[in-house]
Number of protein chains: 2
Amino acid sequence: MQRYFVKNEQLNDNKVTIDSEDARHITRVMRMSEGDKVICCNEKGQSALCEIEDISGDEVNLRVVEWLDEAKELPVAVTIANGLPKGDKLELVIQKGTELGASAFIPFMAARSIVKWDSKKGAKKVERWSKIAKEAAEQAHRTKVPEVLEPASLRELVQKSEAYDYKIVAYEEEAKLGEKSNLASVLSNIKQDQSLLVVIGPEGGLSDNEVQSFKENGFVICGFGPRILRTETAPLYVLAAVSYHTELMR
Amino acid sequence: MQRYFVKNEQLNDNKVTIDSEDARHITRVMRMSEGDKVICCNEKGQSALCEIEDISGDEVNLRVVEWLDEAKELPVAVTIANGLPKGDKLELVIQKGTELGASAFIPFMAARSIVKWDSKKGAKKVERWSKIAKEAAEQAHRTKVPEVLEPASLRELVQKSEAYDYKIVAYEEEAKLGEKSNLASVLSNIKQDQSLLVVIGPEGGLSDNEVQSFKENGFVICGFGPRILRTETAPLYVLAAVSYHTELMR
């Protein structure tokens, strides 16, 4: 069933109002009318089966038929801090990472990021990324839309990292040396509702200085298997591993 | 270090001859000359550190300095049979799936595949997919290039499946019903050097008839977590899960 993400204020007393783009999607793309049903998710990740009561102009009014008890979200909150890559690779990371259950994305302005962040044009880019996350969350039947943050510097990222229960860095030099057990050990220890920050370098990898700085700030250095993964593949690996360990194995 | 895949016959008595495209890559893209070193992998997945002895025209002659003992391949051989998807999604599956360690790819002409296979133009496409696999294998530092097979019908796929130790089908309807443990149970039982065939539906999913047919032929139906993954994301999930379980957890 089609699902839409609504703001808390759109959902009152079991009535939902949907306007603008989502309303046009309901009426023009899905060609729905009174009596049709959709799922609405609020900002708390609660979802409800809703029935269209009436459509007036660009506004769709719905009534909650039933609150659902869906468990679609990863048991742990994973934030992906991806070294700002070239081209549209981050779009792939956000789309696929959302399907795989990421909670948030922080683009990381790494020393070897070739793309330099232009904060003027940047707002539009973050908006575009957020839209990709929203659409992927709908498609994946999630109940929460991952947040896409403004790109962060090393210092900002280290600052933000203090709020996380666990923090790891994917480092290919460790993978080459055969580091195998750190990720499995973190995932064996992490508990329901705890948070995990995963830092992944850009195409050129992380600089020694960056790795040093993460180490000093309590990050665990992890290899993601013996093959060298591209910057846009590593986040998908870790998200699948988290899902496999916390959702399928437990 | 740059690596090249060579045919068994290119590697004799510790001498290697590289010509055509790879030779041009060595001389023009990498701008290498006598004394420079590369890694060559033969068809058995053995790799050797080699030194360039001389370059004449479009032929590069190398000498094996040392045979390497690299463990870059997944401990189990995973074949991905992906329902033939739209556009260039299969290119993504092959590139990322190769990085993540797949042994082979079989495009599957599923009932709901929108793209119809044109066997005339097909040969070119398989050639292109094979090239993507080769380049991704080099980049990921693998010692084997995954094979890309001609698209198979349901009957052909079921026939081929008899050669595998384990065979599973990703089925989103099971994921919706909360099936959680089948993949973990298969990965707990599979042993080193055994083979696993993974069937994944196209965009519209598998038909009831296809699912029935796979069930009757000994496939285990698996959910890949509670979120709905796109046809091109599911293979990446299962490959990461296999790597995590067999390489990082063991």
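Throughout, protein chains are lettered first and strands after them, A, B, ... in sequence-line order, and every chain is numbered starting at 1.
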## Note on the structure
Tightest non-hydrogen contact, residues A:Phe224 and B:Leu248, listed as CA-CD1, 4.3 Å
### A:Leu236 and B:Leu100, any side-chain heavy atoms less than 4.5 Å apart
no
### Query
Atom OG1 of A:Thr233 and atom NZ of B:Lys96: how far apart are they, to the nearest 0.5 Å?
3.5 Å
### Task
Write down the atom of A:Tyr244, the atom of B:Tyr237, and the distance for their closest heavy-atom approach.
N-OH, 3.4 Å
#### Entry: OG on A:Ser243 to CG on B:Leu183, rounded to 0.5 Å
9.5 Å
### Query
Checking B:Gln139 against chain A: side chain, backbone, both or neither under 4.5 Å from a heavy atom?
both
### Task
Using salt bridge (charged side-chain N to carboxylate O under 4.0 Å, His left out) as the criterion, point out the one residue from A:Glu70, A:Glu99, A:Glu247 that pairs with B:Arg227.
A:Glu247
### Task
Give a yes or no on this: more than 12 heavy atoms of other residues, nucleotides or ligands lie within 6.0 Å of atom CD of B:Glu21.
no
### Pick from B:Ala140, B:Ala184, B:Ala136, B:Gly101 with the largest number of heavy-atom pairs that fall under 4.5 Å of chain A
B:Ala140
### Task
Pick one of side chain, backbone, both or neither for B:Leu239, based on which atoms fall under 4.5 Å of a heavy atom in chain A.
neither
### Query
Is the number of heavy atoms from other residues, nucleotides or ligands within 6.0 Å of CG (A:Asp69) greater than 12?
no
### Task
Determine whether more than 12 heavy atoms belonging to other residues, nucleotides or ligands lie under 6.0 Å from atom NZ of B:Lys125.
no
### Task
Nearest 0.5 Å please: distance from the CE atom of B:Met249 over to the NE2 atom of A:His245.
6.0 Å
### Message
Counting only non-hydrogen atoms closer than 4.5 Å, does B:Ala137 touch chain A with its backbone (N, CA, C, O), its side chain (CB onward), both, or neither?
### Response
neither
#### Entry: Options A:Leu92, A:Val238, A:Asn182, A:Leu74, ranked by heavy-atom pairs under 4.5 Å with chain B, top entry
A:Leu74
### Minimum heavy-atom distance between B:Ala71 and A:Pro226, given as atom pair plus value
O-CB, 3.4 Å
### CZ/B:Arg128: more than 12 non-hydrogen atoms of other groups inside 6.0 Å
no
